[in-house]
There are 2 protein chains.
Amino acid sequence: MSAREQRQVASDAGLSKQRVVVEAVRLADREGVDGLSMRRLAGALGAGAMSLYHYVASKEELLDAMIDIVFEEIELPPEETDWQSAMRRRAVSARQVLARHPWAIGLMESRTSPGPANLRHREAVTACLRRAGFPVLMATHANWLLDSYVYGFALQEASLPFDTADELADMAEDVFLPQLPPDEFPYLNESAAALVAAGYDPAEEFIFGLDLTAVL
Amino acid sequence: MSAREQRQVASDAGLSKQRVVVEAVRLADREGVDGLSMRRLAGALGAGAMSLYHYVASKEELLDAMIDIVFEEIELPPEETDWQSAMRRRAVSARQVLARHPWAIGLMESRTSPGPANLRHREAVTACLRRAGFPVLMATHANWLLDSYVYGFALQEASLPFDTADELADMAEDVFLPQLPPDEFPYLNESAAALVAAGYDPAEEFIFGLDLTAVL
DNA sequence: ATAGTATACGTACGGTGTACGAGCCAGCGA
DNA sequence: TCGCTGGCTCGTACACCGTACGTATACTAT
C-alpha cells in the first residue's frame, strides 16, 4: 500500500486547495479562528503541516480564501423580482451566513483585497440596483449603506455572549445584572429586563432595522 | 542610580495599567494588531515582557482594556440638544474614533464582555433615547440599528486599501481595473470610474447613509 | 532589624508560521 | 527498460509567540 493510499484511508481523498480551505472553514466554525493553526488543519486533513503550502501560499492567503468561501454561500439578489425584495433576500441571506461563520466578520478588517466570489457578489448587487434605475453614484451609496447595516449587525450578533432567548435570560440574571448597579445604569437595567421579558430573536431584530433603512 | 531610576530614564515614568494599555493602543495604531506582542509592547515601554503581567492578567485582558479605551474616546451624546442631533454627533464621533483605531473593529467580534467605558456609553445613548420619549424596546431597536450602521461602516472603511481620494485614483488604475475584466464586471467598472471621477470622502459617505437611516 | 508586600524580570516550555531541502512516485522520452 | 523530470509530501529548524514559575530588589510597617 503506497503512502498516498494510506493517506486516502485517513482522509478520504487527496488534498486540493478546495479541500484545504473547506476544512479550514469547518475548523474555524468549530473552534474559532484562534484555534485554526496550520498544524491542526493539516492534522484534520490527515496530512503534514507543510503539505498545505502546496495549495496555499501562506496563512494569509488561506484566510482570504476562507472569506471568499463565505461570500460564495451568500445568495445573489434574485433577478426575477423587484429590486427591494431582491436586496432584502440577499441581506437576509448574508446575515444568516455571517452568523454561521462568526469568525469571518472579524477577519474582514485586516483583509483588503476582495476574492472572486466577493467581486461576483458585488457585481450582481450593483447590477440589480443599476437595472432598477439607480444612478451610478446612488447605487454605490445604497451598497455602502446596506453592507454597513449587514456587517455591523453581524458584528454585534457575533459579539453577543448568548445564542438563544433562554440563554439571554440566564445570563441576564447571573452575569449582566450583577455588573450593572441600578443607580449607575438605570436605563440599561430597564432595557435588560424588557429584553428578557420580550424575548430576543436576532432574525426579527435584523428585519426590523432593515425596514427602517430608507433605501428599501 | 537605582534600577527604578534607570527605567525612568528609559521610559519616562513607572509602569501602570493605564500606561501599558495606552502604549498598546499606540502600538496597534502604528503597526496593526498583529504587530502587537507582549515583548514588543514591553520594549516600547522600556520594560521586560513579564513585567506587563503585573498590570494585566493576560493578553486577552489587555485587548479588552484597549477596546475600552477606544470607547472612552467616543463622544457621549450631548444632553443639551434634541435627540436627533445628539445621536448624530455621537455616531460621527464613533466613526472618527474607529477610523483612528482600525484594529478595534476587528477585535470586537471575539471580545464578548463590555468594559466600563462601553457600558457608560450604552447607558448614555439609551438614556438619551428614553428621555426623548422612545419606548423601551424601541430604544433598543434604534440602538441596534445605529450601532450596526456605525460598526459596519467602520468595518468597510477599515478594509479599504486606500486612505485618500488620490490613492483611490492611483489604485483604481493600477490595481483594481486590471483585476476587473469589463465584460465580466461591467457595473463594477462603471462604479469604479464614477467613484474616481467624483472623488471619495468616507466622512461624506457616512453622513449620507446616516441621513437615510429612518430613525433619525 | 524584620517581615511583608509591591514591582520587575530571566528563564523555559509548548505552541506558532514557514524557509529549506530531502524524499517519494507517476509519467514519459530514449 | 532505464533514467529523468516534475509534482507532491513532509521532517527539520528557526524565530517568535503567550505565559508559568521562581527570584531579585526596593519600599513600608512594625
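Values in this document were obtained by computation on a predicted structure and should not be read as measured data. Order of the sequence lines fixes the chain letters, A, B, ..., with proteins taken first and strands second; residue numbering starts at 1 for each chain. Only heavy atoms go into these numbers, but all of them, side chains included; no hydrogens, no water, no symmetry mates.
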Could a donor-acceptor pair under 3.5 angstrom be found where the side chain of A:R39 meets the base of C:dG15? no
B:E61 side-chain N/O to B:V56 backbone N/O, donor-acceptor pair under 3.5 Å: no
For the pair B:Y151 (side chain) and A:A154 (backbone), establish whether a donor and an acceptor sit closer than 3.5 Å, ignoring hydrogens and angles. no
In whole angstroms, how far is the P atom of D:dC17 from the CG atom of B:L63? 14 Å
Atom pair distance, as rounded to whole Å: CG in A:L36 and P in C:dT16: 10 Å
Base, sugar-phosphate or nothing for B:L62? Non-hydrogen atoms, less than 4.0 Å. nothing
Can you tell me the distance, in whole Å, between the NZ atom of B:K59 and the P atom of D:dA20? 14 Å
Options D:dT9, D:dC17, C:dA6, nucleotide nearest the side-chain atoms of B:H54: C:dA6
To the nearest Å, give me how far apart CG (B:L15) and P (C:dA8) are. 5 Å
Between B:E61 (CD) and D:dT19 (P), how many Å, whole number? 11 Å
Using the ring of each side chain (for Trp, its six-membered ring), is B:W144 parallel, tilted or perpendicular to A:F153, with breaks at 30° and 60°? tilted
If only atom types and distance count, is the side chain of A:R90 paired as donor or acceptor with the main-chain N or O of A:I74 below 3.5 Å? no
Without swapping roles, check the side chain of B:Y55 against the backbone of B:Q18 for a donor-acceptor pair under 3.5 Å. no
For A:S37, report the nucleic acid contact type (base, sugar-phosphate, nothing); a contact means any heavy atom under 4.0 Å. sugar-phosphate
Tell me which nucleotide among D:dT19, C:dT16, D:dT9 gets nearest to the side chain of A:R40. C:dT16
Interatomic distance where CG belongs to A:D34 and P belongs to D:dG18 [whole Å]: 12 Å
Using a cut-off of less than 4.0 Å, is there contact between a side-chain N or O of A:Y55 and OP1 or OP2 of D:dT9? yes
To the nearest Å, give me how far apart CE (B:M50) and P (C:dC13) are. 15 Å
Considering just the side-chain nitrogens and oxygens of A:S51, establish if one lies under 4.0 Å of OP1 or OP2 belonging to D:dC10. yes
Whole angstroms only, please: what is the CG-P distance between A:D64 and C:dG17? 15 Å
